[in-house]
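Working notes for the structure below.
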Amino acid sequence: MATTSNQATPVFVYLGRILLTLAFFSMLGAWLAQLTGGSLLGLTSQHLFNDSIAMSLLGIGAFVDAFWHSRNI
């Protein structure tokens, strides 16, 4: 029988994947904004870089949490 901890594992894996994908696209947008010297969708390259850092850290945290839930730690 699956425990609540094991049922949460796929949720955090999907959340981590979504966040890391968004971080990747944010990083691409930051590079494009830096190359053009302007902004992308009203956001500066520095803002997009900071967003990608934050989303990457949250995505990694979601994967660590999924690992903990899968091991019942």
Side-chain angles (χ1 to χ4, degrees):
M1 182 165 141
T3 63
T4 305
S5 184
N6 284 339
Q7 292 172 348
T9 300
V11 173
F12 287 109
V13 169
Y14 290 129
L15 183 63
R17 288 177 181 170
I18 290 169
L19 286 168
L20 289 177
T21 302
L22 289 174
F24 175 74
F25 286 124
S26 177
M27 182 64 71
L28 286 178
W31 287 335
L32 287 173
Q34 185 71 30
L35 286 175
T36 61
S39 62
L40 183 69
L41 301 172
L43 301 172
T44 64
S45 63
Q46 185 63 43
H47 186 105
L48 290 167
F49 275 122
N50 291 338
D51 285 347
S52 63
I53 290 169
M55 285 185 279
S56 295
L57 290 173
L58 289 171
I60 291 167
F63 278 126
V64 169
D65 195 42
F67 176 75
W68 283 344
H69 280 295
S70 70
R71 300 286 185 231
N72 291 323
I73 297 175

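Just so it is clear, the values below take in all heavy atoms, side chains as well, and ignore hydrogens, waters and symmetry mates.
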Within the structure provided, determine whether Val64 and Phe67 are in side-chain contact (heavy-atom separation under 4.5 Å).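 No, too far: nothing below the 4.5 Å cut-off.
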Quick check for you: to the nearest 0.5 Å, what is the distance between Arg71 atom CZ and Thr9 atom OG1?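 So the gap between those two atoms works out to 9.5 Å.
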Gap between atom CG of Leu28 and atom CG of Leu32 - 0.5 Å precision: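 Going from CG on Leu32 over to CG on Leu28, the span is 6.5 Å.
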Any pair counted as side-chain hydrogen bond (donor to acceptor under 3.5 Å, both in side chains), so long as it reaches residues 42-58, sequence neighbours left out: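 Counting only pairs at least two positions apart or across chains, the side-chain hydrogen bond (donor to acceptor under 3.5 Å, both in side chains) contacts touching residues 42-58 are Gln34-Ser45, Gln46-Asn50, His47-Asp51.
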Show me the pairs that pass side-chain hydrogen bond (donor to acceptor under 3.5 Å, both in side chains) and involve residues 16-28, at least two apart or across chains.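 Passing the test, one end in residues 16-28: no pairs.
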With the 4.5 Å side-chain cut-off for hydrophobic clustering, are Tyr14 and Leu58 part of the same group?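 Per the 4.5 Å side-chain linkage, Tyr14 and Leu58 are not co-clustered.
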Hphob cluster co-occupancy, Leu57 + Phe63, side-chain heavy atoms under 4.5 angstrom: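 No; Phe63 is not reachable from Leu57 via cluster members.
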Please find the pair of heavy atoms, one from Leu20 and one from Ile60, that lie closest to each other, and give the distance.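 Minimum heavy-atom separation between Leu20 and Ile60: CD2-N, 4.4 Å.
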Counting only heavy atoms not in Leu35, do more than 12 sit closer than 6.0 Å to its CG atom?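 Atom CG in Leu35 is packed in, count exceeds 12.
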With Phe12 via ring pair (Phe, Tyr, Trp, His ring centres under 6.0 Å) - residues at least two apart: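 For Phe12 the ring pair (Phe, Tyr, Trp, His ring centres under 6.0 Å) partners, ignoring immediate neighbours, are His69.
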